Structures are given as structure tokens and as C-alpha cells.
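Keep in mind the model is a prediction, meaning the values are calculated, not measured. Residue numbers run from 1 in the order of the sequence given.
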Amino acid sequence: MHKQLSNQQLSRLLTVTAKTVRCDLAQLEQDGLVKRIHGGVCQSEGVDIKKYSLDAMLAQLIEHNLLSDTLGLDSTQGRLRKMKHNVFVLGSFNVDIVANLERFPQPGETLHSSSSSIGAGGKGANQAYAAAKNGANITFMTKIGTDQFSQFARQHLSSTGIANTIIVESSTSPTGTALIYVSEQAGENMIAVNEGANMTLTADEVHAAKHHIINAELFLTQLETNFDAIKLAMSIAKESGAKVILNPAPYHDRTPELLPLVDMITPNETEASLMTGIEVTDLESAKQAAIAIHALGVSSVVITRGADGVLLYENGQFTQVDVLKSAVVDTTGAGDAFNGALVAELAKGSTLHEAAKYANAYASLAVERLGAANMPDASLVAARLNA
């Protein structure tokens, strides 16, 4: 039994980053289990370390069926596989109320809906779900109301495969809702969002989740949550060394305040136009907008261009990812599918081009399904890429 271990030894043994080791050791020292020394750790006096051995913990977890996919237990071999990378997603949960129409109505016009539905949505929840579907180890934080939709929210999030959910409740604001029209002719959508409880997330609630944020290697957020809470969480993530990814949707007038904290940004053409004042209408104007965003301090720029694919700008180089053919049914949630799959691939160590190519294929599968939260299986991506 080792009496002393260095941070580097622990990092190699546990296949996690040195940053994660330091964070966990701080908590273990606070609990009185270890004593930190220069560059490492030693056992605290009087602690029965045998009950904290790997074999003892595995036995207890298996007995109580507590070992999840997050730990990656190979039950047939009795050993641990390498843990998945950690991604923290802060964002909205909304209830989507969807009406499918032959076409969009004109002002003052009433149309009969061919069908309607109530489902789960919100950019944050959708992106966390998509990332989990693609193999990322996700912690998702959101805020909901104490109303008729709160149990619906909990049931949905528990069914998504998201490893860990942090759900805060508001006693004064309702769960967020989104009213969605889907045009059957074009497969396009129009959305009106009431953010509700999403906009009431507080600094104290963010600080309560700080331990989870600083343990993440990647941090992803959007702009359907209280802006000041988003900025605070991004600051915590940035200070801890996480790669911060912002999907600036829906666009906010204060978005430029966030850019010094952002490593990668993923606007669509509309958001890129609003951010830069450059009207993005074609590839050339998209390149100009990407350069302008980069000049504001963002290292990597990913502009999603709908039917025109994806434009990447990184290290002074442009890369175009062409759109893939798909039978478009509903574009609601396509951007969320892309962002979730993108961050999942980045977490696995893929290059930006590799991750964007994969995410583009995943989004092309998502638009073939009805509903923003109806995310496809990752197993279908390979066939789409090779088609």
C-alpha cells in the first residue's frame, strides 16, 4: 500500500487530468481522508484505508447495483474501462408545444393544424441529450418551475442517458415553454419562447454547482438562461481550465461581454450577422463574419449555415463542411443536435474538423425526425458519413 503518491502518479493511475486530481484531493482532505503534501498526497492518520480500496468499493457498488455506464464497469471481466470525458452543460429546459401546419399562417390568419404535440425541449436540455447520445459523460444544470410541468421535466431528463442532472426549482416562475410552428411544405419552423424559470437562475445556485463545473474538461452553454448566471458559470469554467463553448442562441445584446471567456463559438448565419454587423448571405460574407468574431477574441469559430453546411475558422484557416443529403421533416433542434454531437466528439479528442463533420452528419439525421428532443442514435452516423 502506497503511503504517499504524487499528483502525476494519481493522474496516470486514474486516467484523469491533474486538474481533476487536485480538485478531488481538496475535497478528500476536507473530509479528513488524506493529507496533501507538496506535489502529492499522503494518508491521514487514523483512517482505515482498506475500506476505501478499489476492490472494496467495487464490491459495494456491484452489490447495490450503483455502478453506472459513467464508471464504465465491464461486469464480465470485473475491471474498469477508461472513464469518459466530462462535459458540463448549463442551459434551459422548456416544454415544447408543437403545431404542424401545411404552411405558416399570415398575420391575422387562422389555420387548422394537421397534428400537435407536447414534448421536452430547451436548447440546453436538447444539447445535453445529444451529447449523451454520442457518448459524452454529461452533467446538465437547469432550472424549472414548481408547476404541472416540473415532474414531466424530471421524467424526461432521467430517461435521456445524461449521467448527472442538477435541477433547481423556482417557486415563483413557471417552467419554460416554447410555442413551435412547423411548416410541412418546407420542413422549417418558427419558435416563440417564454423562458420562465430559466431566467431566474442565481449566482448562489451556480456557486453550489461549482465543484461540477471545475471538474469538467469542456463547458457548453447557450443564451436561454439568465445572462449573469451564464457569465458567472463561464468565468468559473474558464478559470479552472475548461474549454468554453458558446452557442449564442438566441442572440443577446450583451453577447460581446462573454467573448473574452469563449474558446469556441457556434453561431448560425443570423447570429453571426447580429454579432458582427456583417449580413451573412453567402460563403464569402460568412468568412468575413468569422474573421470579425475571431478578432473579438474567440479562437475557434463554427458558423452553421443550414442547407449550405458548416464553415470553420481556426488557426487562420477556413474549412468547409458540406451539407449531407437528408429527407427533411422538421428542422427544430437541428442546431442542438449539431452542438451536442460536436462537443461529444471534441471531448473524445477529435479535431475540430473531425468533430464538425461528425456533428453535421448527426444533425442531418435529426432533421429526419419530428420533435426537437427526438435525437437519433449515434450508431446511425457512420452509415450517413459513408453514404
Side-chain angles (χ1 to χ4, degrees), residues 15-17 72 81-89 126-138 161 163 216-222 237 241-249 262-269 272 283 286-287 289-291 293-294 298-326 333-368 375-387:
T15 64
V16 297
T17 65
R81 299 188 298 271
K82 186 175 180 179
M83 293 179 70
K84 299 173 184 176
H85 293 285
N86 293 324
V87 179
F88 189 98
V89 180
N126 292 344
Q127 291 178 21
Y129 185 16
K133 274 278 198 178
N134 286 281
N137 178 28
I138 299 294
E217 296 179 17
L218 288 94
F219 176 94
L220 171 65
T221 192
Q222 321 75 32
K243 185 170 188 175
V244 177
I245 302 170
L246 172 65
N247 175 224
V262 176
D263 297 295
M264 181 180 294
I265 196 163
T266 62
N268 61 21
E269 290 179 313
L283 180 59
K287 287 182 176 181
I291 292 172
I293 294 170
H294 175 73
V298 182
S299 299
S300 304
V301 181
V302 180
I303 300 180
T304 55
R305 305 184 57 228
D308 292 317
V310 182
L311 177 67
L312 313 177
Y313 185 64
E314 187 177 49
N315 298 322
Q317 299 292 320
F318 289 106
T319 307
Q320 173 74 17
V321 179
D322 294 329
V323 72
L324 298 175
K325 291 183 179 180
S326 57
D336 297 334
F338 177 87
N339 278 277
L342 180 77
V343 76
E345 286 300 297
L346 291 172
K348 296 173 188 176
S350 297
T351 66
L352 177 57
H353 181 235
E354 292 168 342
K357 186 177 179 181
Y358 178 96
N360 189 49
Y362 188 74
S364 77
L365 292 163
V367 299
E368 296 180 339
M375 295 296 172
D377 291 331
S379 60
L380 302 173
V381 174
R384 178 56 54 90
L385 285 170
N386 296 323

Inset, instruction - Mark yes or no for whether Q127, through its side chain, and T221, through its backbone, hold a donor-acceptor pair below 3.5 Å. - result: no
Inset, instruction - Measure the shortest side-chain to side-chain distance between L352 and L342 over non-hydrogen atoms and say whether it is less than 4.5 angstrom. - result: yes
Inset, instruction - Measure the OG-CD1 distance between S299 and I265 for me, rounded to the nearest 0.5 Å. - result: 11.5 Å
Legend entry - Non-hydrogen atoms of V323 and A307 that approach each other most closely: CG1-O, 3.1 Å
Inset, instruction - Among I293, I291, V262, L312, find the residue that satisfies the side-chain contact (heavy atoms from CB on, under 4.5 Å) test when tested with V301. - result: I293
Legend entry - Atom pair CZ/CG of F88 and L220 - distance to nearest 0.5 Å: 10.5 Å
Legend entry - Plane angle bin for Y313 and H294 - parallel if under 30°, tilted between 30 and 60°, otherwise perpendicular: perpendicular
Inset, instruction - Spell out, as yes or no, whether a donor-acceptor pair under 3.5 Å connects the side chain of N247 to the backbone of T266. - result: yes
Inset, instruction - Under the side chain to side chain contact (heavy atoms under 4.5 Å, CB included) rule, what do E314 and T319 come out as? Steps first, then yes or no, please. - result: CA-CA 8 Å; E314 187 177 49; T319 307; over 6 Å; no
Legend entry - Side chain to side chain, D336 and Q222, heavy atoms closer than 4.5 Å: no
Inset, instruction - Working to the nearest 0.5 Å, report the span between CZ of R384 and CG of L365. - result: 4.5 Å
Inset, instruction - Would you check if there is a donor-acceptor pair between the side chains of N86 and E217 at a distance under 3.5 Å? - result: no
Legend entry - I245 side chain near V302 side chain, heavy-atom distance below 4.5 Å: no
Inset, instruction - Identify the two heavy atoms, one from S364 and one from S326, that lie closest to each other, and give their separation to 0.1 Å. - result: O-CB, 3.3 Å
Legend entry - Heavy-atom closest pair, residues P376 and L380: CB-CD1, 4.4 Å
Legend entry - Considering all heavy atoms, the nearest A136-V87 contact: CB-CG2, 4.2 Å
Inset, instruction - Could you grab the distance from atom CG of D377 to atom OH of Y362, nearest 0.5 Å is fine? - result: 7.5 Å
Inset, instruction - For N360 and D322, indicate whether the former's side chain and the latter's backbone hold a donor-acceptor pair under 3.5 Å. - result: yes
Legend entry - Which atom of I138 lies closest to which atom of A132, heavy atoms considered: CG1-N, 3.9 Å
Legend entry - Side-chain ion pair, K357 and E354, N-O less than 4.0 Å: no
Legend entry - Over all atoms of both residues, closest heavy-atom pair of A289 and I303: CB-CD1, 4.3 Å
Legend entry - Backbone of V244 reached by a side-chain donor or acceptor of D263 within 3.5 Å: yes
Inset, instruction - Enter the distance from L283:CG to F318:CZ here, rounded to the nearest 0.5 Å. - result: 8.5 Å
